[in-house]
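Here, residue 1 is the first one in the sequence, and each next residue gets the next number. When reading the values below, keep in mind they use all heavy atoms of this one structure, side chains included, and skip hydrogens, waters and symmetry mates.
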Amino acid sequence: MRVAVCPEYGAPEVVRVEERAVPEPGPGEVRVRVHAAAVNYPDVLLVANRYQISVPTPFVPGSEFAGVVAVGGGNNLTTGPRSNLTVGPASTDAGGTDSGSVVVGDRVCGTGLHGAFAEQIVVAADKLTRIPDRVEFADAAAFGVTYRTAYHCIRSVARVGAGAELIVLGAGGGVGSAAVALGTHLGLSVTAVASSPDKLEVARTLGARHLIDHRGGDLRAALRRALPEGADAVLDPVGGALSEPALRTLRRGGRFVTIGYASGTVPAIPLNLVLVKGIHVLGFQFQDLDPAEFRRNEAELADLLATGLRPHIGARFSLEDSPAALRLVADGLAVGKVVVDL
């Protein structure tokens, strides 16, 4: 089978496509024939060995995939119509429609630290989610990481609801575009901050009320013009020079949620701003969420996917062009999600 391999740490261009033996699943595992994989910024960081977790080389990048269950539990089975063979329980962690068991022939999606940029992948059966009917593989692959991140941030970290003012930094990227779409769906007034007219146009189609190109001048002044009464919350997957102006726009008691640092720079926030305005600065990690809220959010998000919410996919690449897909994300030029089609 063909896989994209990171043979040594470095820029996206170190990744190359190789032939490898087809992996065999062990007890409790299945092999999935991958139809689509999505690219996320942590994939770039793992290739560069700049992520919070280091993966020894050589490894297959890619943390998000969708495909069809081909083989389960070490049995020599092939892809085909849904059979009666149960290979493990299905999860609802990434937007599935029901619980139960996945079987050979099921359309499934999943996430992991790496391994998705491959024609086939072996994963634990209980980490897979069945893809709802009428949802394409690319949409399922692109939905999990960014939409889950954005939804949990809005519902359980920022804790804002209908009528609140939400600023989304990096609104043209994966997490940002998901936050715009989900914030709009939840009845928030969303101010989208992005780096180009193309990205802002996508944010507009997703429901953003205010559009700000941060490369067009003083971001703090632009935010004040758009939100003279201030904002209730900020979602920041970018960091760098954008963070402080957005934080200054918060109302007293507002919430600033730091998600990541796609700019490559961790911001230094003057703590006097936090003190004087009573601002809450919060970090997002899945493991920190209240279990009951996590289950509630996952169920709500699964319903949104099943009933028609779709990620914006701005670019598609072949497996051979995986380095170019990673480069697009690394350079901050991706609009919405980037997908590798297999």
Task: Residues Glu8, Thr57; criterion side-chain hydrogen bond (donor to acceptor under 3.5 Å, both in side chains); working and verdict - done: CA-CA 6 Å; Glu8 59 184 353; Thr57 57; over 6 Å; no
With the side chain counted from C-beta on, respond yes when [X] and [Y] share a heavy-atom pair under 4.5 Å apart, and no when they do not.
X	Y	result
Glu119	Val3	no
Val339	Phe317	no
Val68	Val104	no
Val193	Val168	no

Open item on the list: Could you list the cluster mates of Leu211? Members are the ILVMFWY residues connected by side-chain heavy atoms closer than 4.5 Å, either directly or through other members.
Closed with: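 Result for Leu211 is Leu200.
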Open item on the list: Show, in sequence, the C-alpha distance, side-chain angles and deciding distance for Arg251 and Asp232, and conclude whether the salt bridge (Lys or Arg N to Asp or Glu O under 4.0 Å) test is met.
Closed with: CA-CA 6 Å; Arg251 296 169 179 164; Asp232 296 291; 2.9 Å; yes
Task: Check: Glu293 main-chain N/O paired with Asp290 side-chain donor or acceptor under 3.5 Å - done: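 Checked: pair present.
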Open item on the list: Donor-acceptor check, side chain of Asn40 to backbone of Pro42, threshold 3.5 angstrom: yes or no?
Closed with: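 Answer holds: no.
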TODO: Check whether NZ of the Lys or CZ of the Arg Arg148 lies under 6.0 Å from the centre of the six-membered ring of Phe286 and within 45 degrees of that ring's axis.
DONE: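 That pair qualifies as a cation-pi contact.
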Open item on the list: Do Asp236 and Ser243 pair up side chain to side chain, a donor and an acceptor below 3.5 Å, judged on atom types alone?
Closed with: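 Looking only at side-chain atoms, Ser243 and Asp236 do form a donor-acceptor pair, the distance falling under 3.5 Å.
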- [ ] Tell me yes or no: between the side chains of Asn297 and Ser156, is some donor less than 3.5 Å from an acceptor?
- [x]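 Yes, Ser156 and Asn297 have a side-chain donor paired with an acceptor closer than 3.5 Å.
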Does a salt bridge link [X] with [Y], judged by any charged N lying under 4.0 Å from a carboxylate O?
X	Y	result
Arg31	Glu24	yes
Arg220	Glu244	no
Lys337	Glu64	yes
Arg204	Glu201	yes

Open item on the list: Check for me whether the distance between the ring centres of Tyr147 and Tyr151 falls short of 6.0 Å.
Closed with: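 Ring centroids of Tyr147 and Tyr151 are no less than 6.0 Å from each other.
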Task: Phe284 reachable from Val274 in the ILVMFWY side-chain graph, under 4.5 Å edges - done: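 Cluster IDs for Val274 and Phe284 differ.
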- [ ] Could you point out which residue of Leu247, Leu235, Leu242, Leu227 forms a side-chain contact (heavy atoms from CB on, under 4.5 Å) with Ile167?
- [x]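 For Ile167, the side-chain contact (heavy atoms from CB on, under 4.5 Å) check succeeds only for Leu227.
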Task: Pairs meeting criterion ring pair (Phe, Tyr, Trp, His ring centres under 6.0 Å) with involvement of residues 13-37, two or more places apart - done: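 Qualifying pairs: His35-Phe137.
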